[in-house]
A.B. asks: 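The structure that follows is given in the form of structure tokens.
Naming: A, B, ... by sequence-line order, numbering from 1 per chain.
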Protein chains: 2
Amino acid sequence: MKKATIKDVAALAGVSVSAVSYVLNQSTEKKYSEKTRQKIYSAAEKLGYHPNHIARGMRSQRSYSIGIVNWWEINNRVFIKTLEGITAMGEKLGYSVVICPSADSYSYLSYYENKRIDGAVLIAPVTSMAEFNEMEHIRRLQKAKIPFAVINGHTDLPQGNCFRYDFAQTTYLATDYLLAKGHREIIYIAPKYGEEIREVGLRQKGYMTRMQEEGLPCLCRAVEDLTPQMLKQFHSIVTNKTDTAKKVMDMALTAGIKIPEDLSIIAANTEYYSEYLPVPLTTVQIPFQSIGKMAMRRVISAIEHHDLSSEEMPACMVLEQNSVKNLSSEGNKEGKGMRIYS
Amino acid sequence: MKKATIKDVAALAGVSVSAVSYVLNQSTEKKYSEKTRQKIYSAAEKLGYHPNHIARGMRSQRSYSIGIVNWWEINNRVFIKTLEGITAMGEKLGYSVVICPSADSYSYLSYYENKRIDGAVLIAPVTSMAEFNEMEHIRRLQKAKIPFAVINGHTDLPQGNCFRYDFAQTTYLATDYLLAKGHREIIYIAPKYGEEIREVGLRQKGYMTRMQEEGLPCLCRAVEDLTPQMLKQFHSIVTNKTDTAKKVMDMALTAGIKIPEDLSIIAANTEYYSEYLPVPLTTVQIPFQSIGKMAMRRVISAIEHHDLSSEEMPACMVLEQNSVKNLSSEGNKEGKGMRIYS
DNA sequence: CTGTTAGCGCTTTCAC
DNA sequence: GTGAAAGCGCTAACAG
């Protein structure tokens with residue numbers, strides 16, 4: 001009981017295979033007579049005909065699939081969100097995405113070459129990991145002549161196929177949010193990572209930029225150096241990430257400091273658990289999906305050699321919870337929940 | 001600059017295409033002479049030859065891919081873990097997994113039929129959702145003659161292609177764990193869902209079974225009915241899930257009840273945020289990966305018409321954190337962290 | 001041992 | 001308007 005082929009449809013409809021192929025594909029142009037078309041449609045319907053994409057790809061030398069080069073844990077929130085965007089855009093443009101299950105360094109390449117992917121999206125890790133040699137990945141993709149785009153890459157690509165999470169914007173926005181809520185003495189807290197990590201530098205910079213715009217002094221502290229004494233003197237904090245905020249929060253609550261009454265905290269990224277911390281944490285969300293979409297569209301437009309209309313990248317958003325006190329006289333009419341800010 | 005084909009390799013090696021095909025595929029049998037084999041290997045190497053899986057599938061009438069029929073949010077922990085298992089087993093057996101991006105009811109079927117998937121794994125939702133008509137999905141898969149396995153299904157399939165998360169075991173184990181830690185008066189707390197949800201009934205049953213084995217009285221309460229007064233009288237609680245435990249925990253902490261000093265809590269499932277609750281929550285983990293693996297192996301063995309050796313399903317595990325007090329005299333030498341229990 | 005060849009299902013000239 | 005036929009890359013008889 002094999003699946004119906006184009007041949008079966010042709011036979012049943014009493015026409016040639018080429019007629020079937022033409023009619024079933026060209027939805028707009030109607031070279032064939034209405035009568036023939038109808039015969040074909042009903043025959044296909046009757047047989048439960050499904051075009052074989054494998055055969056189509058074989059013929060067109062295209063697989064209509066895009067491979068993901070990925071160094072993230074599969075359940076990482078950033079990865080998932082980015083992937084959601086990639087997949088959505090792929091669906092829209094008629095491409096499917098495939099992910100190599102194998103974890104070791106470059107084995108995905110064979111996997112993808114075997115599968116004849118039409119292109120790839122490389123999602124680089126945020127922190128430059130020793131094991132992840134971005135340049136080498138790029139070199140190999142180029143050598144394999146696979147069109148690709150890079151998300152969050154550290155390398156500048158000539159074709160502009162590089163899309164980055166805007167880390168500076170996250171802290172800029174977090175700071176801006178606190179300012180809007182009437183806070184003035186805002187402290188930035190992050191771990192003592194090395195400065196060589198792009199993300200770390202950008203996050204701090206975003207905070208400083210916004211503070212300087214306002215003519216306010218910047219104060220940056222490492223979370224490792226924090227003491228309860230210090231915390232008691234702080235009232236408004238921006239942290240780089242949720243885990244830093246959690247450390248601050250734990251120390252504050254232990255010291256009897258109330259959040260948000262005595263201390264407001266906002267983190268410049270969102271984690272699965274941000275809203276489940278002792279005090280639900282207000283955070284900044286990066287539009288990962290959009291970045292995924294943009295990268296996907298770029299790759300596909302490279303494959304198809306024509307520009308696809310590009311949507312503008314939306315800004316980061318503040319996901320409001322309960323960790324920030326409103327000091328502004330205007331009051332905070334809105335309830336907690338996600339909303340676009342700025 | 002096209003990709004090298006088997007023909008190119010044959011030409012360069014000065015042999016026929018069939019020789020190349022044979023040598024490159026049958027790693028064990030060596031019908032061809034060593035000299036020929038070497039020529040072929042080096043030619044393939046030189047050309048950077050990658051077998052075209054599309055063409056291979058075309059010929060063999062197999063795609064070596066399995067489709068996922070899924071009703072979960074893509075970032076749901078249960079789904080991800082199950083998928084990890086499915087993917088791992090697929091890789092082991094030479095199959096890739098494909099996920100239809102489209103969300104609407106049955107559109108995945110066309111997608112998969114087009115892609116000529118060899119089989120499918122249906123991951124049913126835990127709670128029987130009105131929108132998810134399991135029988136209908138099964139019927140359609142059968143009609144399309146796609147071999148499949150069901151995970152967490154409510155329907156009993158004749159071929160035994162049904163794999164279920166063992167919800168009863170989760171609470172049985174949670175209860176057992178508290179008993180081992182010296183607790184005796186153990187309360188079970190869950191929300192007031194309807195009893196028609198299989199998971200809910202099983203979870204309660206697991207608790208009761210273990211208590212009855214011990215000859216201890218059961219006490220079940222709905223989280224909605226809980227009051228701080230009641231909580232003060234409880235010292236050991238099993239909850240169905242982490243979110244229930246969170247509610248209990250919040251109420252307890254607000255009422256000045258200390259965890260785990262005054263009150264021990266264990267939840268019968270793990271969430272991303274379990275360990276980030278005000279008191280890191282001890283939970284029971286279901287081996288989702290293993291269930292995914294088993295289902296995947298089953299489908300593939302159905303496709304290939306031969307039984308694949310099956311691994312035994314591992315039991316649930318307790319992921320120890322800080323929400324349970326050890327009352328047993330033996331002491332608790334082990335630190336917090338995951339360990340197999342019972 | 002090794003080579004020739006017939007398709008797998010589809011698209012796409014090209015001829016009628 | 002319509003059909004015949006070549007061929008995408010590969011595998012598997014079958015022939016030598």
A.B. asks: For A:Ile40 and D:dG1, give me the distance from atom CD1 to atom P, rounded to whole Å.
C.D. replies: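 Roughly 14 Å, once rounded to whole Å.
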
A.B. asks: In terms of side-chain heavy atoms of B:Arg59, which of D:dT11, C:dC10, C:dC1 is nearest?
C.D. replies: D:dT11

A.B. asks: Among A:Arg298, A:Lys293, A:Met294, whose side-chain contact (heavy atoms from CB on, under 4.5 Å) with A:Met89 holds?
C.D. replies: A:Lys293

A.B. asks: The side chain of B:Ala55 is closest to which nucleotide in this list: C:dC8, D:dC10, C:dT2?
C.D. replies: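 That would be D:dC10.
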
A.B. asks: Do the rings of B:Trp72 and B:Tyr165 sit parallel, tilted or perpendicular, given the 30° and 60° boundaries?
C.D. replies: perpendicular

A.B. asks: Please report the distance, rounded to the nearest Å, between NZ in B:Lys7 and C1' in C:dA6.
C.D. replies: 14 Å

A.B. asks: From the set D:dT2, D:dC10, D:dC8, return the single nucleotide nearest to any side-chain atom of B:Asn52.
C.D. replies: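 Among the listed nucleotides, the one closest to the side chain of B:Asn52 is D:dC10.
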
A.B. asks: Could you state the CD1-C1' distance from B:Ile54 to D:dC10, rounded to the nearest angstrom?
C.D. replies: 12 Å

A.B. asks: Taking the minimum atom-to-atom distance to the side chain of A:Gln61, which one of D:dC8, C:dT11, C:dG7 wins?
C.D. replies: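 Selected nucleotide: D:dC8.
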
A.B. asks: Taking the nucleotide of DNA chain C with the closest heavy atom to each, which residue, B:Ser16 or B:Ser60, is nearer the 5' end?
C.D. replies: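 Checking each residue's closest nucleotide, the 5'-ward one belongs to B:Ser16.
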
A.B. asks: Side chain of A:Tyr32: nearest nucleotide among D:dC8, D:dT11, D:dG3?
C.D. replies: D:dG3

A.B. asks: Would you call the rings of A:Tyr22 and A:Tyr32 parallel, tilted or perpendicular, where under 30° means parallel and over 60° means perpendicular?
C.D. replies: tilted

A.B. asks: Nearest to the side chain of B:Thr36, which nucleotide is it out of C:dT11, D:dG3, C:dT2?
C.D. replies: C:dT2

A.B. asks: Starting at atom CZ of A:Arg56, determine the distance to atom P of C:dT11, rounded to an integer number of angstrom.
C.D. replies: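 Atom CZ in A:Arg56 sits about 5 Å away from atom P in C:dT11.
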
A.B. asks: Quickly work out the B:Asn114 CG to C:dT11 P distance and round it to whole Å.
C.D. replies: 11 Å

A.B. asks: It should be established whether A:Asn25 places a side-chain nitrogen or oxygen under 4.0 Å from OP1 or OP2 of nucleotide C:dT11.
C.D. replies: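 Checking C:dT11 against A:Asn25, a side-chain N or O does come within under 4.0 Å of OP1 or OP2.
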
A.B. asks: Return no unless some side-chain N or O of A:Ser33 is found under 4.0 Å from OP1 or OP2 of D:dT2.
C.D. replies: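 Yes, A:Ser33 has a side-chain N/O under 4.0 Å of OP1/OP2 on D:dT2.
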
A.B. asks: Could you state the atom-to-atom distance from CG of B:Leu24 to P of D:dC10 in whole Å?
C.D. replies: 9 Å

A.B. asks: Describe the nucleic acid contact of B:Val17 in one word from base, sugar-phosphate, nothing, applying a heavy-atom distance below 4.0 Å.
C.D. replies: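 Base, at least one base atom sits under 4.0 Å.
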
A.B. asks: Do any N or O atoms from the side chain of B:Asn25 and from the backbone of B:Ser21 form a donor-acceptor pair under 3.5 angstrom?
C.D. replies: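 Yes.
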
A.B. asks: Report the nucleotide, chosen from D:dG3, D:dC10, C:dT12, that has the shortest atom-to-atom distance to any side-chain atom of A:Ser21.
C.D. replies: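 Selected nucleotide (nearest to the side chain): C:dT12.
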
A.B. asks: With a 3.5 Å cut-off and just heavy-atom distances, do the side chain of B:Ser18 and the base of C:dT4 make a donor-acceptor pair?
C.D. replies: yes

A.B. asks: Tell me: NZ of A:Lys39 to C1' of D:dG3, nearest whole Å?
C.D. replies: 13 Å

A.B. asks: Does B:Tyr49 make a side-chain N or O approach to OP1 or OP2 of D:dC10 shorter than 4.0 Å?
C.D. replies: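 Looking at the OP1 and OP2 atoms of D:dC10, one of them is under 4.0 Å from a side-chain N or O of B:Tyr49.
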
A.B. asks: Under 3.5 Å, is there a donor-acceptor pair between the side chain of A:Arg164 and the main chain of A:Gly153?
C.D. replies: yes

A.B. asks: Using the ring centroid of each side chain, check whether B:Tyr112 and A:His53 are separated by less than 6.0 Å.
C.D. replies: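 No: the rings miss the under 6.0 Å criterion.
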
A.B. asks: If you assign each of B:Arg116 and B:Ala19 to its closest nucleotide in DNA chain C, which residue comes earlier from the 5' end?
C.D. replies: B:Ala19

A.B. asks: Just the rounded figure in Å: distance from P of D:dG9 to CD of A:Glu113.
C.D. replies: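 Going from A:Glu113 (CD) to D:dG9 (P), I get 15 Å.
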
